[in-house]
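One structure is given here, and the rest of the page talks about it.
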Protein chains: 2
Amino acid sequence: MLELAILGFLCDGSLHGYDLRKRIAALTGHVRPIADGTLYPAIKRLEAAGLLTRRLEAGSVAAPRHMLSLTGAGRARLTALLSEPADAFITDENHWFVLLAFLRHLDDSAAQARPLRRRLAFLTTPASFFYDGDRPLRAADFDDPFRKGLMTIATATSRTELAWLRETLADLEPDS
Amino acid sequence: MLELAILGFLCDGSLHGYDLRKRIAALTGHVRPIADGTLYPAIKRLEAAGLLTRRLEAGSVAAPRHMLSLTGAGRARLTALLSEPADAFITDENHWFVLLAFLRHLDDSAAQARPLRRRLAFLTTPASFFYDGDRPLRAADFDDPFRKGLMTIATATSRTELAWLRETLADLEPDS
DNA sequence: CTCCTATACATCGCTTCCGAGGTATCTCGC
DNA sequence: GCGAGATACCTCGGAAGCGATGTATAGGAG
(Lines give C-alpha, C1' and ligand atoms only; values in the text may rest on other atoms or scores of the structure.)
Protein backbone atom coordinates (compact mmCIF):
# COMPACT_ATOMS: atom_id res chain seq x y z
CA MET A 1 0.00 0.00 0.00
CA LEU A 2 2.57 2.53 1.19
CA GLU A 3 5.01 1.87 -1.64
CA LEU A 4 2.21 2.23 -4.17
CA ALA A 5 1.03 5.48 -2.61
CA ILE A 6 4.50 7.01 -2.52
CA LEU A 7 5.32 6.07 -6.11
CA GLY A 8 1.85 7.12 -7.26
CA PHE A 9 2.06 10.60 -5.79
CA LEU A 10 5.65 11.14 -6.92
CA CYS A 11 4.66 10.23 -10.48
CA ASP A 12 2.84 13.58 -10.61
CA GLY A 13 5.93 15.51 -9.57
CA SER A 14 8.51 16.02 -6.82
CA LEU A 15 7.33 16.04 -3.23
CA HIS A 16 9.00 15.97 0.16
CA GLY A 17 8.23 13.36 2.82
CA TYR A 18 6.06 15.52 5.00
CA ASP A 19 3.87 16.53 2.09
CA LEU A 20 3.61 12.90 1.03
CA ARG A 21 2.42 12.00 4.50
CA LYS A 22 -0.39 14.57 4.36
CA ARG A 23 -1.49 13.53 0.87
CA ILE A 24 -1.60 9.88 1.79
CA ALA A 25 -3.62 10.72 4.90
CA ALA A 26 -6.10 12.70 2.80
CA LEU A 27 -6.39 9.91 0.23
CA THR A 28 -7.06 7.26 2.87
CA GLY A 29 -9.60 9.32 4.78
CA HIS A 30 -7.25 10.35 7.59
CA VAL A 31 -7.70 6.89 9.06
CA ARG A 32 -4.56 6.25 11.06
CA PRO A 33 -2.12 8.51 9.20
CA ILE A 34 1.13 6.82 8.23
CA ALA A 35 3.55 6.99 11.16
CA ASP A 36 6.90 8.73 10.69
CA GLY A 37 8.59 5.51 11.67
CA THR A 38 6.87 3.88 8.70
CA LEU A 39 7.11 6.60 6.07
CA TYR A 40 10.73 7.70 6.32
CA PRO A 41 12.20 4.19 6.37
CA ALA A 42 9.99 3.38 3.38
CA ILE A 43 11.39 6.37 1.50
CA LYS A 44 14.93 5.22 2.34
CA ARG A 45 14.10 1.73 1.07
CA LEU A 46 12.78 3.06 -2.21
CA GLU A 47 15.81 5.32 -2.56
CA ALA A 48 18.19 2.44 -1.85
CA ALA A 49 16.36 0.39 -4.50
CA GLY A 50 16.94 3.18 -7.02
CA LEU A 51 13.24 3.95 -7.43
CA LEU A 52 13.54 7.58 -6.35
CA THR A 53 16.17 10.25 -5.89
CA ARG A 54 16.42 12.99 -3.30
CA ARG A 55 17.53 16.63 -3.69
CA LEU A 56 17.97 18.79 -0.61
CA GLU A 57 16.13 22.09 -0.73
CA ALA A 58 17.36 24.31 2.08
CA GLY A 59 16.20 27.53 3.66
CA SER A 60 12.67 27.80 2.33
CA VAL A 61 10.84 26.78 5.49
CA ALA A 62 11.46 25.63 9.04
CA ALA A 63 13.46 22.52 8.27
CA PRO A 64 15.39 21.67 5.10
CA ARG A 65 13.26 19.58 2.75
CA HIS A 66 14.31 16.52 0.85
CA MET A 67 12.54 16.78 -2.48
CA LEU A 68 11.87 13.31 -3.84
CA SER A 69 11.61 12.44 -7.53
CA LEU A 70 10.75 9.21 -9.32
CA THR A 71 13.40 7.54 -11.44
CA GLY A 72 12.69 5.49 -14.56
CA ALA A 73 12.91 2.36 -12.44
CA GLY A 74 10.45 3.94 -10.02
CA ARG A 75 7.98 4.58 -12.80
CA ALA A 76 8.39 0.99 -13.99
CA ARG A 77 7.79 -0.30 -10.47
CA LEU A 78 4.61 1.80 -10.22
CA THR A 79 3.34 0.30 -13.46
CA ALA A 80 4.12 -3.17 -12.13
CA LEU A 81 2.33 -2.54 -8.83
CA LEU A 82 -0.72 -1.21 -10.67
CA SER A 83 -0.80 -4.21 -13.00
CA GLU A 84 -0.21 -7.04 -10.53
CA PRO A 85 -2.54 -10.06 -10.76
CA ALA A 86 -2.66 -10.08 -6.92
CA ASP A 87 -4.81 -6.94 -7.00
CA ALA A 88 -7.94 -9.11 -7.19
CA PHE A 89 -7.34 -10.26 -3.61
CA ILE A 90 -6.74 -6.92 -1.96
CA THR A 91 -8.81 -6.90 1.24
CA ASP A 92 -7.59 -3.58 2.61
CA GLU A 93 -9.99 -0.90 1.45
CA ASN A 94 -7.31 1.78 1.54
CA HIS A 95 -4.98 -0.30 -0.57
CA TRP A 96 -7.67 -0.82 -3.20
CA PHE A 97 -8.61 2.87 -3.20
CA VAL A 98 -4.98 3.93 -3.58
CA LEU A 99 -4.66 1.58 -6.53
CA LEU A 100 -7.77 3.04 -8.15
CA ALA A 101 -6.54 6.58 -7.58
CA PHE A 102 -3.32 5.90 -9.50
CA LEU A 103 -4.71 3.70 -12.25
CA ARG A 104 -4.56 6.80 -14.45
CA HIS A 105 -0.77 6.37 -14.55
CA LEU A 106 -1.18 3.27 -16.71
CA ASP A 107 -0.85 4.23 -20.33
CA ASP A 108 -3.95 2.86 -21.99
CA SER A 109 -7.49 1.95 -21.10
CA ALA A 110 -6.85 -1.74 -21.73
CA ALA A 111 -4.17 -1.76 -19.04
CA GLN A 112 -6.38 0.27 -16.74
CA ALA A 113 -9.26 -2.14 -17.23
CA ARG A 114 -7.22 -5.23 -16.37
CA PRO A 115 -7.17 -4.85 -12.56
CA LEU A 116 -10.89 -4.06 -12.58
CA ARG A 117 -11.56 -7.13 -14.73
CA ARG A 118 -9.58 -9.33 -12.36
CA ARG A 119 -11.50 -7.93 -9.40
CA LEU A 120 -14.79 -8.53 -11.21
CA ALA A 121 -13.78 -12.10 -12.08
CA PHE A 122 -12.74 -12.77 -8.50
CA LEU A 123 -16.00 -11.50 -7.00
CA THR A 124 -18.02 -13.75 -9.32
CA THR A 125 -15.94 -16.87 -8.77
CA PRO A 126 -16.50 -19.91 -6.53
CA ALA A 127 -13.17 -19.15 -4.85
CA SER A 128 -14.62 -16.10 -3.13
CA PHE A 129 -16.38 -15.30 0.09
CA PHE A 130 -19.82 -16.17 -1.18
CA TYR A 131 -19.35 -19.78 -1.99
CA ASP A 132 -18.80 -23.03 -0.20
CA GLY A 133 -17.03 -24.84 -2.99
CA ASP A 134 -19.36 -24.39 -5.95
CA ARG A 135 -22.45 -23.83 -3.83
CA PRO A 136 -23.45 -20.18 -3.50
CA LEU A 137 -24.04 -19.14 0.11
CA ARG A 138 -27.00 -17.11 1.31
CA ALA A 139 -27.74 -15.32 4.55
CA ALA A 140 -30.55 -17.82 5.14
CA ASP A 141 -27.95 -20.63 5.30
CA PHE A 142 -26.87 -19.48 8.74
CA ASP A 143 -28.68 -19.79 12.07
CA ASP A 144 -26.59 -17.33 14.05
CA PRO A 145 -27.95 -13.82 13.48
CA PHE A 146 -24.45 -12.31 13.30
CA ARG A 147 -23.28 -14.83 10.74
CA LYS A 148 -26.48 -14.10 8.83
CA GLY A 149 -25.83 -10.34 9.14
CA LEU A 150 -22.25 -10.80 8.02
CA MET A 151 -23.49 -12.61 4.92
CA THR A 152 -26.00 -9.83 4.26
CA ILE A 153 -23.45 -7.02 4.47
CA ALA A 154 -20.84 -8.97 2.52
CA THR A 155 -23.34 -9.67 -0.25
CA ALA A 156 -24.60 -6.09 -0.32
CA THR A 157 -21.10 -4.61 -0.43
CA SER A 158 -20.12 -7.04 -3.16
CA ARG A 159 -23.20 -6.18 -5.22
CA THR A 160 -22.44 -2.47 -4.88
CA GLU A 161 -18.86 -3.03 -5.98
CA LEU A 162 -19.90 -5.24 -8.89
CA ALA A 163 -22.33 -2.62 -10.18
CA TRP A 164 -19.61 0.01 -10.03
CA LEU A 165 -17.04 -2.27 -11.68
CA ARG A 166 -19.40 -3.10 -14.56
CA GLU A 167 -20.28 0.54 -15.12
CA THR A 168 -16.66 1.68 -14.97
CA LEU A 169 -15.54 -1.09 -17.32
CA ALA A 170 -18.30 -0.17 -19.76
CA ASP A 171 -16.91 3.38 -19.86
CA LEU A 172 -13.36 2.11 -20.20
CA GLU A 173 -14.02 -0.48 -22.89
CA PRO A 174 -17.03 0.79 -24.87
CA ASP A 175 -16.50 -1.88 -27.55
CA SER A 176 -16.62 -5.07 -25.45
CA MET B 1 -7.18 -10.11 12.67
CA LEU B 2 -5.49 -13.49 13.14
CA GLU B 3 -5.51 -13.33 16.92
CA LEU B 4 -9.19 -12.40 16.86
CA ALA B 5 -10.02 -15.24 14.50
CA ILE B 6 -8.15 -17.85 16.53
CA LEU B 7 -9.68 -16.79 19.85
CA GLY B 8 -13.10 -16.46 18.24
CA PHE B 9 -13.14 -19.96 16.82
CA LEU B 10 -11.67 -21.53 19.97
CA CYS B 11 -14.38 -19.88 22.06
CA ASP B 12 -16.81 -22.38 20.49
CA GLY B 13 -14.68 -25.37 21.49
CA SER B 14 -11.30 -27.06 21.11
CA LEU B 15 -9.71 -27.15 17.68
CA HIS B 16 -6.32 -28.07 16.29
CA GLY B 17 -4.21 -25.71 14.20
CA TYR B 18 -4.92 -27.29 10.86
CA ASP B 19 -8.67 -27.14 11.41
CA LEU B 20 -8.34 -23.53 12.52
CA ARG B 21 -6.53 -22.72 9.30
CA LYS B 22 -9.36 -24.16 7.19
CA ARG B 23 -12.06 -22.39 9.17
CA ILE B 24 -10.32 -19.04 8.92
CA ALA B 25 -9.87 -19.57 5.19
CA ALA B 26 -13.60 -20.32 4.82
CA LEU B 27 -14.58 -17.27 6.88
CA THR B 28 -12.39 -14.92 4.87
CA GLY B 29 -13.49 -16.24 1.50
CA HIS B 30 -10.40 -18.36 0.86
CA VAL B 31 -8.55 -15.18 -0.08
CA ARG B 32 -4.92 -15.90 0.61
CA PRO B 33 -5.28 -18.57 3.30
CA ILE B 34 -3.19 -17.92 6.40
CA ALA B 35 0.33 -19.26 5.80
CA ASP B 36 1.65 -21.97 8.12
CA GLY B 37 4.52 -19.67 8.96
CA THR B 38 1.95 -17.18 10.23
CA LEU B 39 -0.54 -19.44 11.97
CA TYR B 40 1.68 -21.71 14.02
CA PRO B 41 3.87 -18.94 15.46
CA ALA B 42 0.66 -17.05 16.30
CA ILE B 43 -0.66 -20.07 18.20
CA LYS B 44 2.65 -20.27 20.08
CA ARG B 45 2.40 -16.57 20.96
CA LEU B 46 -1.10 -16.96 22.32
CA GLU B 47 -0.05 -20.03 24.26
CA ALA B 48 2.97 -18.23 25.71
CA ALA B 49 0.66 -15.37 26.72
CA GLY B 50 -1.54 -17.86 28.59
CA LEU B 51 -4.54 -17.28 26.34
CA LEU B 52 -4.83 -20.91 25.25
CA THR B 53 -3.63 -24.37 26.27
CA ARG B 54 -2.66 -27.34 24.15
CA ARG B 55 -3.36 -31.05 24.63
CA LEU B 56 -1.73 -33.60 22.35
CA GLU B 57 -4.15 -36.06 20.77
CA ALA B 58 -2.22 -38.90 19.20
CA GLY B 59 -3.03 -41.71 16.83
CA SER B 60 -6.36 -40.68 15.40
CA VAL B 61 -5.12 -39.48 12.02
CA ALA B 62 -1.96 -39.07 10.00
CA ALA B 63 -0.12 -36.71 12.32
CA PRO B 64 -0.66 -36.17 16.05
CA ARG B 65 -2.94 -33.17 16.67
CA HIS B 66 -2.47 -30.44 19.20
CA MET B 67 -5.96 -29.68 20.47
CA LEU B 68 -6.16 -26.04 21.52
CA SER B 69 -8.51 -24.66 24.18
CA LEU B 70 -9.20 -21.12 25.36
CA THR B 71 -8.29 -20.19 28.92
CA GLY B 72 -10.17 -17.65 31.02
CA ALA B 73 -7.57 -15.05 30.03
CA GLY B 74 -8.13 -15.99 26.41
CA ARG B 75 -11.85 -15.44 26.73
CA ALA B 76 -11.19 -12.07 28.38
CA ARG B 77 -8.81 -11.11 25.56
CA LEU B 78 -11.45 -12.04 22.98
CA THR B 79 -13.98 -9.80 24.74
CA ALA B 80 -11.42 -6.98 24.77
CA LEU B 81 -10.62 -7.40 21.05
CA LEU B 82 -14.34 -7.37 20.18
CA SER B 83 -14.94 -4.22 22.27
CA GLU B 84 -11.95 -2.11 21.21
CA PRO B 85 -12.61 1.53 20.23
CA ALA B 86 -10.12 1.04 17.37
CA ASP B 87 -12.68 -1.12 15.55
CA ALA B 88 -14.14 1.99 13.91
CA PHE B 89 -10.96 2.37 11.85
CA ILE B 90 -10.60 -1.16 10.58
CA THR B 91 -9.85 -0.92 6.85
CA ASP B 92 -9.25 -4.60 6.22
CA GLU B 93 -12.52 -6.12 5.10
CA ASN B 94 -11.58 -9.55 6.45
CA HIS B 95 -10.73 -8.09 9.83
CA TRP B 96 -14.11 -6.37 10.04
CA PHE B 97 -15.96 -9.50 8.89
CA VAL B 98 -14.16 -11.67 11.46
CA LEU B 99 -15.12 -9.18 14.16
CA LEU B 100 -18.77 -9.29 13.06
CA ALA B 101 -18.75 -13.08 12.98
CA PHE B 102 -17.64 -13.29 16.62
CA LEU B 103 -19.67 -10.42 18.02
CA ARG B 104 -22.07 -13.07 19.32
CA HIS B 105 -19.46 -13.92 21.97
CA LEU B 106 -20.15 -10.60 23.72
CA ASP B 107 -22.65 -11.14 26.46
CA ASP B 108 -25.37 -8.59 25.80
CA SER B 109 -26.84 -6.66 22.90
CA ALA B 110 -25.60 -3.33 24.30
CA ALA B 111 -22.01 -4.59 24.12
CA GLN B 112 -22.64 -6.04 20.67
CA ALA B 113 -24.07 -2.75 19.45
CA ARG B 114 -21.09 -0.67 20.60
CA PRO B 115 -18.65 -1.55 17.79
CA LEU B 116 -21.41 -1.03 15.22
CA ARG B 117 -22.27 2.35 16.75
CA ARG B 118 -18.63 3.42 16.64
CA ARG B 119 -18.41 2.36 13.02
CA LEU B 120 -21.58 4.29 12.21
CA ALA B 121 -20.30 7.39 14.01
CA PHE B 122 -16.98 7.18 12.16
CA LEU B 123 -18.57 6.90 8.73
CA THR B 124 -20.69 10.00 9.38
CA THR B 125 -17.87 12.13 10.79
CA PRO B 126 -15.68 14.82 9.16
CA ALA B 127 -12.63 12.72 10.05
CA SER B 128 -13.49 10.18 7.40
CA PHE B 129 -12.79 9.59 3.75
CA PHE B 130 -15.63 11.77 2.51
CA TYR B 131 -14.63 15.10 3.90
CA ASP B 132 -11.96 17.69 3.35
CA GLY B 133 -12.00 19.12 6.84
CA ASP B 134 -15.69 19.87 7.41
CA ARG B 135 -16.53 20.12 3.73
CA PRO B 136 -18.22 17.02 2.32
CA LEU B 137 -16.57 15.78 -0.86
CA ARG B 138 -18.41 14.70 -3.97
CA ALA B 139 -17.37 12.84 -7.08
CA ALA B 140 -18.00 16.04 -9.05
CA ASP B 141 -15.20 17.76 -7.07
CA PHE B 142 -12.60 15.84 -9.04
CA ASP B 143 -11.48 16.26 -12.64
CA ASP B 144 -9.61 13.02 -13.02
CA PRO B 145 -12.09 10.28 -13.97
CA PHE B 146 -10.39 7.71 -11.70
CA ARG B 147 -10.46 10.03 -8.71
CA LYS B 148 -14.09 10.65 -9.55
CA GLY B 149 -14.74 6.92 -9.83
CA LEU B 150 -12.93 6.32 -6.55
CA MET B 151 -15.22 8.84 -4.87
CA THR B 152 -18.26 7.17 -6.44
CA ILE B 153 -17.38 3.66 -5.26
CA ALA B 154 -16.30 4.88 -1.82
CA THR B 155 -19.58 6.74 -1.38
CA ALA B 156 -21.67 3.84 -2.66
CA THR B 157 -19.91 1.30 -0.43
CA SER B 158 -20.26 3.60 2.55
CA ARG B 159 -23.98 4.10 1.88
CA THR B 160 -24.48 0.36 1.65
CA GLU B 161 -22.64 -0.18 4.92
CA LEU B 162 -24.54 2.63 6.66
CA ALA B 163 -27.89 1.17 5.64
CA TRP B 164 -26.87 -2.22 6.99
CA LEU B 165 -25.51 -0.73 10.22
CA ARG B 166 -28.71 1.22 10.87
CA GLU B 167 -30.88 -1.81 10.20
CA THR B 168 -28.76 -4.12 12.35
CA LEU B 169 -28.65 -1.59 15.19
CA ALA B 170 -32.43 -1.20 15.02
CA ASP B 171 -32.75 -4.96 15.53
CA LEU B 172 -30.19 -4.93 18.31
CA GLU B 173 -31.57 -1.93 20.20
CA PRO B 174 -35.32 -1.84 19.47
CA ASP B 175 -35.84 0.84 22.13
CA SER B 176 -33.45 3.57 20.97
C1' DC C 1 4.58 -50.43 -5.73
C1' DT C 2 5.07 -45.89 -6.31
C1' DC C 3 3.66 -41.30 -6.58
C1' DC C 4 0.54 -37.70 -5.32
C1' DT C 5 -2.27 -35.38 -2.21
C1' DA C 6 -3.98 -34.36 2.28
C1' DT C 7 -3.09 -34.10 7.07
C1' DA C 8 -0.34 -31.93 10.72
C1' DC C 9 3.18 -29.31 12.71
C1' DA C 10 7.60 -26.72 12.85
C1' DT C 11 11.58 -23.33 11.98
C1' DC C 12 14.21 -19.79 9.46
C1' DG C 13 15.25 -15.37 7.49
C1' DC C 14 13.38 -11.43 5.37
C1' DT C 15 10.53 -7.52 5.16
C1' DT C 16 7.44 -4.29 6.92
C1' DC C 17 4.99 -1.70 10.23
C1' DC C 18 4.38 0.76 14.48
C1' DG C 19 5.17 3.44 18.67
C1' DA C 20 8.32 5.93 21.24
C1' DG C 21 11.65 8.97 21.40
C1' DG C 22 14.92 12.49 19.56
C1' DT C 23 16.43 17.04 17.05
C1' DA C 24 15.69 21.40 14.95
C1' DT C 25 13.43 25.69 13.24
C1' DC C 26 9.63 28.91 12.35
C1' DT C 27 5.39 31.39 13.49
C1' DC C 28 1.62 32.95 16.11
C1' DG C 29 -0.81 34.09 20.26
C1' DC C 30 -0.47 35.87 24.72
C1' DG D 1 9.84 36.67 25.37
C1' DC D 2 7.72 32.27 26.02
C1' DG D 3 5.32 28.32 25.12
C1' DA D 4 2.44 25.82 21.75
C1' DG D 5 1.95 23.92 17.51
C1' DA D 6 3.30 23.13 12.84
C1' DT D 7 7.06 21.83 9.82
C1' DA D 8 10.59 18.41 8.77
C1' DC D 9 13.44 14.61 9.38
C1' DC D 10 15.64 10.68 11.93
C1' DT D 11 16.60 6.09 14.64
C1' DC D 12 15.61 2.19 17.49
C1' DG D 13 13.36 -1.98 19.24
C1' DG D 14 9.69 -5.03 19.00
C1' DA D 15 5.92 -7.34 16.82
C1' DA D 16 3.90 -9.66 13.00
C1' DG D 17 3.39 -11.51 8.45
C1' DC D 18 5.22 -14.37 4.56
C1' DG D 19 7.59 -17.65 1.62
C1' DA D 20 10.61 -21.38 1.69
C1' DT D 21 11.79 -25.46 3.54
C1' DG D 22 11.70 -29.53 6.48
C1' DT D 23 9.51 -33.75 8.63
C1' DA D 24 6.13 -37.29 9.21
C1' DT D 25 2.14 -40.42 8.12
C1' DA D 26 -2.13 -41.97 5.76
C1' DG D 27 -4.84 -43.04 1.80
C1' DG D 28 -6.02 -43.42 -2.93
C1' DA D 29 -4.86 -43.49 -8.02
C1' DG D 30 -2.50 -45.66 -11.48
Side-chain angles (χ1 to χ4, degrees), chain A residues 1-7 14-26 28 30-49 51-52 54-68 77 81 84 86 89-92 94-95 98 133, chain B residues 1-7 14-26 28 30-49 51-52 54-68 77 81 84 86 89-92 94-95 98 133:
Chain A
M1 209 286 279
L2 186 53
E3 188 179 346
L4 180 61
I6 294 174
L7 297 177
S14 294
L15 292 172
H16 53 99
Y18 198 81
D19 195 359
L20 217 36
R21 193 174 131 278
K22 282 195 295 185
R23 284 176 197 244
I24 293 170
T28 58
H30 302 279
V31 185
R32 298 237 294 168
I34 300 295
D36 281 2
T38 306
L39 177 62
Y40 290 107
I43 291 172
K44 289 230 157 165
R45 275 200 306 275
L46 296 176
E47 192 187 6
L51 306 183
L52 57 85
R54 142 187 343 224
R55 209 184 64 249
L56 204 118
E57 191 180 86
S60 52
V61 279
R65 290 167 169 171
H66 299 266
M67 295 304 288
L68 309 170
R77 182 99 181 85
L81 284 176
E84 264 187 305
F89 311 108
I90 291 172
T91 60
D92 184 313
N94 280 339
H95 189 165
V98 168
Chain B
M1 209 287 278
L2 186 54
E3 188 179 346
L4 182 61
I6 294 174
L7 297 176
S14 294
L15 292 172
H16 54 97
Y18 197 80
D19 194 357
L20 218 35
R21 192 173 133 277
K22 281 194 298 185
R23 283 175 198 244
I24 293 170
T28 58
H30 302 280
V31 184
R32 297 236 295 167
I34 300 295
D36 282 2
T38 305
L39 177 62
Y40 290 107
I43 290 172
K44 289 229 158 165
R45 274 201 307 276
L46 297 176
E47 193 187 8
L51 305 183
L52 56 84
R54 142 189 342 226
R55 210 185 63 249
L56 203 117
E57 192 182 84
S60 53
V61 279
R65 289 167 168 171
H66 299 266
M67 295 304 286
L68 310 169
R77 182 99 182 88
L81 284 177
E84 264 188 306
F89 311 108
I90 291 172
T91 60
D92 184 314
N94 280 338
H95 190 165
V98 168

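Computed from a predicted structure; not experimentally measured.
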**Q.** Side chains of A/E3 and A/L46 in contact at under 4.5 Å (non-hydrogen atoms)
**A.** yes
Q.
Would you compute the distance between atom OG of B/S14 and atom CD of B/E57 and round it to the nearest 0.5 angstrom?
A. 9.0 Å
**Q.** Qualifying residues under salt bridge (charged side-chain N to carboxylate O under 4.0 Å, His left out), relative to B/E84, sequence neighbours excluded
**A.** none
Q: Indicate for each nucleotide in nucleotides 21-26 of chain C, in 5' to 3' sequence, whether protein heavy atoms under 4.0 Å reach the base (B), only the sugar-phosphate (S), or nothing (-).
A: ----BS
(Q) Once you apply a heavy-atom cut-off of 4.0 Å, does B/L2 come out as touching a base, just sugar-phosphate, or nothing? (A) sugar-phosphate
Q. For A/H95, which residues count as a side-chain hydrogen bond (donor to acceptor under 3.5 Å, both in side chains) partner, sequence neighbours excluded?
A. none
**Q.** Spacing of B/I6 atom CD1 relative to D/dG17 atom P, expressed in whole Å
**A.** 8 Å
Q. Taking only N and O in the side chain of B/R45, is any of them less than 4.0 Å away from OP1 or OP2 of D/dA15?
A. no
Q: For the side chain of A/Y40, starting at C-beta, report the closest nucleotide among D/dG19, C/dC9, D/dC9.
A: D/dC9
Q: Taking side-chain hydrogen bond (donor to acceptor under 3.5 Å, both in side chains) as the test, write out the residues that go with A/R23, two or more places apart.
A: A/D19
Q) What is the distance, rounded to the nearest whole Å, between atom CD1 of A/I43 and atom C1' of C/dC17? A) 15 Å
Q. What pairs meet the salt bridge (Lys or Arg N to Asp or Glu O under 4.0 Å) rule with one or both residues in residues 36-46 of chain A, with sequence neighbours excluded?
A. A/R21-A/D36
Q: Specify the separation, in whole Å, of atom NE2 of A/H95 and atom C1' of D/dG17.
A: 15 Å
Q) C/dA8 P sits how many Å from B/K22 NZ, rounded? A) 7 Å
Q | Length of the CG-P vector between B/L39 and C/dA10, whole Å | A | 10 Å
Q: Quickly work out the A/K44 NZ to C/dC17 P distance and round it to whole Å.
A: 16 Å
Q: Can you sort out the partners of A/H66 under side chain to side chain contact (heavy atoms under 4.5 Å, CB included), two or more places apart, ordered by chain and number?
A: A/R54, A/L56
Q: Measure from the side chain of A/Y18, starting at C-beta and using heavy atoms only, and say which of D/dA6, C/dA8, D/dG17 lies closest.
A: D/dA6
Q: Taking only the side-chain heavy atoms of A/H66 (C-beta and beyond), determine which of D/dT7, D/dG17, D/dC9 contains the nearest atom.
A: D/dC9
(Q) Does B/R21 reach a base, just sugar-phosphate, or nothing at all? Heavy atoms under 4.0 Å. (A) nothing
**Q.** Axis bend over the full length of the helix from C/dC1-D/dG30 to C/dC30-D/dG1, computed from five pairs that close each end, to 10 degrees
**A.** 30°
Q) How long is the line joining NE2 of B/H16 and P of C/dT7, in whole Å? A) 9 Å
Q: Go through the structure and list residues passing side chain to side chain contact (heavy atoms under 4.5 Å, CB included) with A/A49, not counting sequence neighbours.
A: A/L51
(Q) The side chain of A/R54 is closest to which nucleotide in this list: C/dG19, D/dC9, D/dC18? (A) D/dC9
Q: Using the test side chain to side chain contact (heavy atoms under 4.5 Å, CB included), find all partners of B/A35 that sit at least two apart in sequence or belong to another chain.
A: B/T38
Q. Would you say the side chain of A/L2 lies within less than 4.5 Å of the side chain of A/I24, judging by non-hydrogen atoms?
A. yes
Q.
What is the separation between atom CZ on B/F89 and atom C1' on C/dC18, rounded to the nearest whole Å?
A. 16 Å
